[in-house]
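In the text below, chain A, chain B and the rest are named by the order of the sequence lines, each starting its count at 1.
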Amino acid sequence: MHDIRAIRENPAAYDAAWARRGLSGLTTRVLALDEDRRGKILASETATAEQNRASKEAGAAKARGDEAEFARLRALVTEKKAEIQSLTEDAAGQDKALRDLLMGLPNLPLDEVPSGADESGNVEIHRWGTPRNFDFTPKEHFDIKGVTPGMDFATAAKLSGSRFVVLKGAVTRVHRALAQLMLDTHVEEHGLTETWTPVLVKEEAMYGTNQLPKFAEDSYQTTNGWWLIPTSEVTLTNSVAGDILDENQLPIRMTAHTQCFRSEAGSSGKDTTGMLRQHQFEKVEMVTICTPETALAEHDRMTNCAQAILEKLGLPYRTIVLCTGDMGFGAQKTHDLEVWLPGQQKYREISSVSTCGTFQARRMNARYRAPGGKPEYLATLNGSGLAVGRCLIAVLENGQQADGSVDLPLALHPYLGGKTRIAADGILA
RNA sequence: GGAGAGGUGGCGGAGUGGUCGAUCGCGCCGGUCUCGAAAACCGGAGUGGGUGCAAGCCCACCGUGGGUUCGAAUCCCACCCUCUCCGCCA
């Protein structure tokens with residue numbers, strides 16, 4: 001959410017930045033509503049002040065025993081009440097209207113973010129590894145002979161429908177090993193704090209990290225009002241909601257491995273085969289809470305943390321900076337990591353690392369205080385480190401052999417009891 | 001799920017209808033004293049909003065939302081959360 005005062009002071013800057021996201025005329029609407037709101041507040045507070053004064057005088061009259069004056073003032077206050085009530089409702093209504101409007105407006109891209117209408121405007125900034133040369137045509141993960149016994153979409157469909165999977169045997173073990181490797185690396189080598197969180201949250205948490213109000217159809221809600229998190233960004237980031245932290249507690253760098261739930265509304269027809277896009281998947285997430293001044297450095301640090309996992313696994317990838325038209329709602333700047341999938345002959349997203357500046361902190365009212373200073377809004381960052389299911393796909397496709405077996409990355413072997421491959425019959429060997 | 005207790009400023013903890021935005025202690029900031037520090041003493045400081053060049057003034061906030069009253073942190077209702085005990089349970 002944006003600071004209405006900052007918009008008032010410099011509407012041109014906001015319009016210019018929003019224009020880069022393809023939005024125009026927003027500040028005109030915002031400022032008109034704000035002006036109306038302030039007029040309503042002024043009217044309401046002026047009337048309330050009059051009532052308060054009369055009320056106070058009534059008390060004084062009563063105290064000195066002036067019954068006639070007391071009766072007069074008492075009647076005056078009663079008379080004012082109805083008028084005040086409607087004025088107050090108007091003011092509150094306009095206040096909420098402005099808040100709702102601001103809640104629906106996306107973050108401003110940083111100046112250094114490239115302009116562009118869609119993903120074609122993204123800019124590659126880093127590339128690592130070389131896609132392997134296959135002496136056969138590499139298959140997609142769900143067609144690899146050694147994988148098919150362990151990846152059962154039919155049973156998942158019976159249980160839950162489309163976009164679900166049941167994993168079995170060796171594939172499951174590799175999936176679990178990947179999550180362990182990611183967590184251990186982040187904790188032991190990157191200094192993140194391992195965290196475990198609920199996956200059911202209150203509505204206000206979904207507002208804090210901007211899943212709501214705009215993207216309600218992308219997530220699931222329980223009958224009693226909880227939401228299933230689409231990412232543990234929600235729980236990790238909202239862990240500081242409403243807090244005033246001491247500056248010396250910062251930065252807070254967390255990681256968590258959780259289930260994630262997404263309705264995938266609007267993506268029908270996309271990635272329908274295989275387990276690339278599921279309603280339920282696992283992700284190791286990273287979240288950093290820090291001062292605004294350190295956010296960009298933390299953004300690069302977090303990007304490196306995600307890249308390190310892919311490098312450990314020997315998976316070729318590229319890093320791109322998203323252009324203004326492809327960035328998410330809450331981001332000021334985003335790096336996407338795309339891993340090479342030989343079965344598709346494409347780089348596909350496996351991680352997205354964003355800095356939100358103070359955008360989410362304003363929504364959550366999350367602040368920090370420097371020694372002797374006033375409370376200031378925090379900066380929040382989030383990134384995948386990594387999407388576990390997609391990482392599984394990448395490991396399987398990149399490691400596949402002509403006979404349908406899969407060679408597994410060295411870094412994973414300790415997590416597989418020393419086993420090194422999935423044989424063509426689907427057994428860990 | 002049942003019974004009980006409770007939710008007040010950074011923390012602890014008073015306050016049960018009328019200058020209470022709130023006593024006090026700790027912590028914090030500034031000062032006096034000191035070579036310096038500690039102690040002691042003096043002073044300062046909540047959050048958000050509106051208005052004003054400013055000083056300031058005004059409004060709201062004592063878990064949340066309603067209600068009673070001329071007036072509510074204080075009374076009433078509903079809800080949420082925490083703690084203790086019991087029950088149940090992975």
Side-chain angles (χ1 to χ4, degrees), chain A residues 1-9 30-103 196-208 221-227 235 238-250 252 258-259 289 358 361-378:
Chain A
M1 190 166 74
H2 294 288
D3 180 2
I4 181 62
R5 289 193 169 147
I7 297 176
R8 276 204 298 257
E9 277 164 26
V30 170
L31 293 179
L33 180 54
D34 179 49
E35 197 173 338
D36 187 42
R37 160 185 163 269
R38 282 149 70 203
K40 295 280 204 300
I41 288 173
L42 185 60
S44 149
E45 289 190 353
T46 304
T48 306
E50 284 171 21
Q51 187 201 350
N52 287 349
R53 202 179 315 119
S55 213
K56 214 170 246 187
E57 285 168 14
K62 181 83 173 168
R64 79 178 105 86
D66 186 345
E67 288 298 331
E69 181 66 359
F70 175 68
R72 189 186 72 81
L73 288 165
R74 187 178 156 165
L76 180 66
V77 171
T78 307
E79 182 188 315
K80 286 234 160 241
K81 272 182 102 173
E83 173 197 348
I84 288 168
Q85 187 177 359
S86 80
L87 287 173
T88 305
E89 277 166 15
D90 283 353
Q94 290 304 85
D95 204 46
K96 183 174 185 306
L98 179 64
R99 187 178 168 77
D100 288 348
L101 176 59
L102 289 175
M103 274 287 197
W196 189 93
T197 75
V199 297
L200 294 169
V201 298
K202 295 193 232 177
E203 186 148 276
E204 61 197 74
M206 295 286 278
Y207 274 92
Q221 191 173 25
T222 66
T223 51
N224 70 343
W226 285 326
W227 290 82
T235 45
N238 277 285
S239 66
V240 298
D243 289 348
I244 301 177
L245 305 174
D246 286 334
E247 188 176 19
N248 63 23
Q249 295 173 259
L250 305 174
I252 298 172
T258 68
Q259 302 283 336
I289 311 293
T358 58
R362 271 210 172 74
R363 294 172 159 249
M364 299 187 300
N365 197 26
R367 293 167 296 174
Y368 74 100
R369 197 196 302 266
K374 287 234 160 205
E376 307 277 358
Y377 287 111
L378 290 158

Taking the same atom, [atom1], in [N] and in [M], what whole-Å distance lies between them?
{"N": "A72(B)", "M": "G18(B)", "atom1": "P", "answer": "11 Å"}
{"N": "U19(B)", "M": "C58(B)", "atom1": "C1'", "answer": "16 Å"}
{"N": "G1(B)", "M": "G87(B)", "atom1": "C1'", "answer": "8 Å"}
{"N": "C86(B)", "M": "C28(B)", "atom1": "P", "answer": "41 Å"}
{"N": "C24(B)", "M": "G46(B)", "atom1": "P", "answer": "15 Å"}
{"N": "C62(B)", "M": "G48(B)", "atom1": "C1'", "answer": "15 Å"}
{"N": "U82(B)", "M": "U68(B)", "atom1": "P", "answer": "31 Å"}
{"N": "G49(B)", "M": "G44(B)", "atom1": "C1'", "answer": "24 Å"}

What closest approach, in Å, do [X] and [Y] show between heavy atoms, and which atom pair accounts for it?
{"X": "Gly208(A)", "Y": "Asn238(A)", "value": "CA-OD1, 3.8 Å"}
{"X": "Val30(A)", "Y": "Leu98(A)", "value": "O-CD1, 4.0 Å"}
{"X": "Ile244(A)", "Y": "Pro375(A)", "value": "CD1-CG, 4.3 Å"}

Nearest 0.5 Å please: distance from the CG atom of Asp36(A) over to the CG atom of Asp90(A).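 Interatomic distance, Asp36(A) CG to Asp90(A) CG, rounded to 0.5 Å: 8.5 Å.
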Quick one: CD on Gln51(A) to CD1 on Ile84(A), what's the gap to the nearest 0.5 Å?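 Interatomic distance, Gln51(A) CD to Ile84(A) CD1, rounded to 0.5 Å: 4.0 Å.
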Calculate the interatomic distance between [X] atom [atom1] and [N] atom [atom2]; express it in whole Å.
{"X": "Ile244(A)", "N": "G46(B)", "atom1": "CD1", "atom2": "P", "result": "13 Å"}
{"X": "Arg37(A)", "N": "G49(B)", "atom1": "CZ", "atom2": "P", "result": "9 Å"}
{"X": "Met364(A)", "N": "U47(B)", "atom1": "CE", "atom2": "C1'", "result": "18 Å"}
{"X": "Glu247(A)", "N": "G10(B)", "atom1": "CD", "atom2": "C1'", "result": "16 Å"}
{"X": "Lys96(A)", "N": "G49(B)", "atom1": "NZ", "atom2": "P", "result": "18 Å"}
{"X": "Glu57(A)", "N": "U19(B)", "atom1": "CD", "atom2": "P", "result": "16 Å"}
{"X": "Trp226(A)", "N": "C80(B)", "atom1": "CH2", "atom2": "P", "result": "11 Å"}
{"X": "Leu87(A)", "N": "G49(B)", "atom1": "CG", "atom2": "C1'", "result": "17 Å"}

Can you name the residues that form a side chain to side chain donor-acceptor pair (under 3.5 Å) with [X], not counting sequence neighbours?
{"X": "Lys80(A)", "answer": "Glu50(A)"}
{"X": "Lys56(A)", "answer": "none"}
{"X": "Asp95(A)", "answer": "Arg37(A)"}

Taking Arg74(A) for its side chain and Ala58(A) for its backbone only, find out whether a donor-acceptor pair lies under 3.5 Å.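 Not confirmed, Arg74(A) side chain does not pair with Ala58(A) backbone.
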Is it the case that the side chain of Asp243(A) and the backbone of Leu245(A) share a donor-acceptor pair, with hydrogens and angles ignored and the cut-off at 3.5 Å?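 Checking the backbone N and O of Leu245(A) against the side chain of Asp243(A), no donor-acceptor pair under 3.5 Å is found.
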Give a yes or no on whether a salt bridge exists between Arg38(A) and Glu35(A), defined as a side-chain N under 4.0 angstrom from a carboxylate O.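 Salt bridge flag = no for Glu35(A) with Arg38(A).
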Distances for protein N/O vs nucleotides 56-60 of chain B N/O pairs under 3.5 angstrom?
from   : atom 1 : to       : atom 2 : distance (Å)
C59(B) : OP1    : Asn52(A) : ND2    : 3.0

Below 3.5 Å between N/O atoms, which protein atoms pair up with nucleotides 69-71 of chain B? Just atom names and distances, please.
from   : atom 1 : to       : atom 2 : distance (Å)
C70(B) : OP1    : Arg74(A) : NE     : 3.2
C70(B) : OP1    : Arg74(A) : NH2    : 2.9
C70(B) : O2'    : Ser55(A) : OG     : 2.9
G71(B) : OP1    : Lys81(A) : NZ     : 3.2
G71(B) : O4'    : Ser55(A) : OG     : 3.1

Side-chain N,O (Arg5(A)) to OP1/OP2 (G50(B)) below 4.0 Å: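 It does, given that an N or O in the side chain of Arg5(A) lies less than 4.0 Å from OP1 or OP2 of G50(B).
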OP1 or OP2 of U51(B) under 4.0 Å from side-chain N/O of Arg38(A):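 Checking U51(B) against Arg38(A), a side-chain N or O does come within under 4.0 Å of OP1 or OP2.
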Represent RNA chain B in dot-bracket notation, 5' to 3'. Only Watson-Crick or G-U wobble pairs with both distances under 3.5 Å count; pseudoknot-style crossings use [ ] and interstrand partners use |. ((((((((.[[[..)..(.....]]].(((((.......))))).((((((....)))))).[[[[[..)....]]]]])))))))....
At 4.0 Å (heavy atoms only), tell me whether Arg99(A) reaches a base, stays on the sugar-phosphate, or touches nothing.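 The residue Arg99(A) makes no contact with any strand.
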Which part of the nucleic acid, if any, lies within contact of Arg72(A), taking any heavy atom under 4.0 Å across all strands shown: a base, the sugar-phosphate backbone alone, or nothing?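 Answer is nothing: Arg72(A) stays at 4.0 Å or more from every strand.
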Between Arg8(A) and Lys202(A), who's closer to the 5' end of RNA chain B by nearest nucleotide?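 Result of the comparison: Arg8(A).
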Are Arg363(A) and Met103(A) close enough that some pair of their side-chain heavy atoms sits under 4.5 Å apart?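 Yes, side chains in contact.
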What I'd like to find out is whether the side chain of Leu33(A) reaches to under 4.5 Å of the side chain of Gln94(A), using heavy atoms alone.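 Counting from C-beta outward, Leu33(A) and Gln94(A) do come under 4.5 Å.
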